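Just so we're clear, the structure is a prediction, and the values are computed from it rather than from any experiment.
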Amino acid sequence: MALALPGGAAMAQQPTIPIIVKDTTSFYWQIVLAGARQAGKDLGVNVPELGAQAETDINGQISILENAVAGSPAAIVIAPTERTALGPPITEAAQSVPIIGIDSGADSDAFTSFLTTDNVQGGRIAADGLAAAIKAKTGKEEGEVALITNTPNAGSLEERKKGFIEQLAKHPGLKLVADRYADGQAATGLNITTDLLTANPNLVGIFASNLIMAQGAGQAVAENGVKDKLALIGFDSDERLVSFLQDGVISGLVVQDPYRMGYDGIKTALAASKKESVEKTVDTGANLITTENMNDARSQELLNPKVN
């Protein structure tokens with residue numbers, strides 16, 4: 001859904017660069033859109049803010065992309081919801097307009113530029129953070145751990161999973177006993193975590209690999225009163241997750257820089273539309289924020305981005 005944009009002759013002079021996110025309702029994507037909106041103001045670009053209502057609406061995102069291309073914009077910025085399904089539509093769209101990818105990849109080599117967190121590295125950071133948190137809670141770096149992924153075959157999430165499992169192997173005392181997929185709903189994350197706690201009474205750690213799963217898992221940890229014996233690492237942040245972090249329900253959050261992703265996505269798209277040289281791949285960074293460092297200046301900048 002596009003937000004209302006001011007009209008007038010001035011708008012006609014501005015290049016139009018739509019940004020298409022996975023889910024316009026999620027706080028993470030609202031931060032991405034805020035960065036894109038600010039870039040539009042700073043650079044004189046008309047930035048329609050588009051996206052489906054849920055990350056699971058793959059066909060909806062494909063339709064939005066096709067409609068955006070039909071409007072003959074200067075370029076398009078997109079965060080593909082699903083790697084396989086979005087590949088051909090992105091390749092086709094790129095025949096008409098420069099396509100800048102953000103956040104998640106797709107099975108297409110047609111991106112003019114791709115800005116993302118190194119999600120494999122993000123998964124590694126999560127594994128190391130979980131190992132440290134387990135040791136802090138139990139006194140030893142050993143025990144059973146679980147992984148919860150938001151939805152199957154989302155590029156960024158599969159890369160986090162890959163990095164997490166690879167890095168976990170470097171902590172031989174930790175054993176992955178459950179690897180679950182959800183359906184994009186926090187309530188499912190809550191139910192999966194509750195079931196894991198029941199089925200695995202010796203569980204000492206969980207990695208919930210995106211904001212929505214971290215919300216659900218955090219609620220389960222809080223409701224079951226296990227925060228003192230179980231470490232939970234989440235990915236991304238919002239008010240609720242920051243509250244869980246403050247209360248010790250969550251041990252750490254791997255936080256990206258979605259504001260930069262949105263801002264630099266539009267900036268890169270504008271440069272590409274002018275046939276300027278742009279980087280093929282840009283790593284926008286990831287940081288582990290814990291109770292110990294959450295009040296540092298950089299942590300606060302990442303935890304409390306400007307969304308207006």
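To the nearest 0.5 Å, atom NZ of residue Lys267 and atom CD of residue Gln38 are 13.0 Å apart. Note that CG of Leu303 and CG of Leu245 are 7.5 Å apart. Values are rounded to the nearest 0.5 Å. Atoms CG and OH, on Asp236 and Tyr28 in that order, are 5.5 Å from each other to the nearest 0.5 Å. Here Ile250 contributes atom CD1 and Ser237 contributes atom OG; the two are 10.0 Å apart, rounded to the nearest 0.5 Å. Interatomic distance, CG of Leu190 versus CD of Gln215, reported as 11.0 Å (0.5 Å rounding).
A salt bridge links Arg298 to Glu301: one of the charged nitrogens lies within less than 4.0 Å of a carboxylate oxygen. A salt bridge does not link Lys170 with Asp128: every distance from a Lys NZ or Arg NE/NH1/NH2 to an Asp or Glu carboxylate oxygen is 4.0 Å or more.
No side-chain donor-acceptor contact under 3.5 Å links Thr284 and Asp264. Between the side chains of Tyr263 and Asp42, at least one donor N or O sits under 3.5 Å from an acceptor N or O.
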Q: Would you sort out whether Lys22 and Asp103 count as a salt bridge (Lys or Arg N to Asp or Glu O under 4.0 Å), showing the intermediate values?
A: CA-CA 10 Å; Lys22 296 184 185 183; Asp103 184 79; 3.4 Å; yes
Q: Please assess Asp23 against Thr25 for the test side chain to side chain donor-acceptor pair (under 3.5 Å), listing each intermediate value before the final yes or no.
A: CA-CA 6 Å; Asp23 171 4; Thr25 66; 2.6 Å; yes
Q: Please assess Arg160 against Thr149 for the test side-chain contact (heavy atoms from CB on, under 4.5 Å), listing each intermediate value before the final yes or no.
A: CA-CA 9 Å; Arg160 289 172 202 171; Thr149 302; over 6 Å; no
Q: List the steps, then state whether side-chain contact (heavy atoms from CB on, under 4.5 Å) holds for Trp29 with Glu55.
A: CA-CA 10 Å; Trp29 296 110; Glu55 294 197 18; 3.1 Å; yes
(Q) Could you go through Gln246 and Thr291, starting from their C-alpha distance and side-chain angles, then the distance that decides it, and tell me whether this counts as side chain to side chain donor-acceptor pair (under 3.5 Å)? (A) CA-CA 6 Å; Gln246 288 171 327; Thr291 308; over 6 Å; no
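Under the rule for a side chain to side chain donor-acceptor pair (under 3.5 Å), Lys175 has no partner lying at least two apart in sequence or in another chain.
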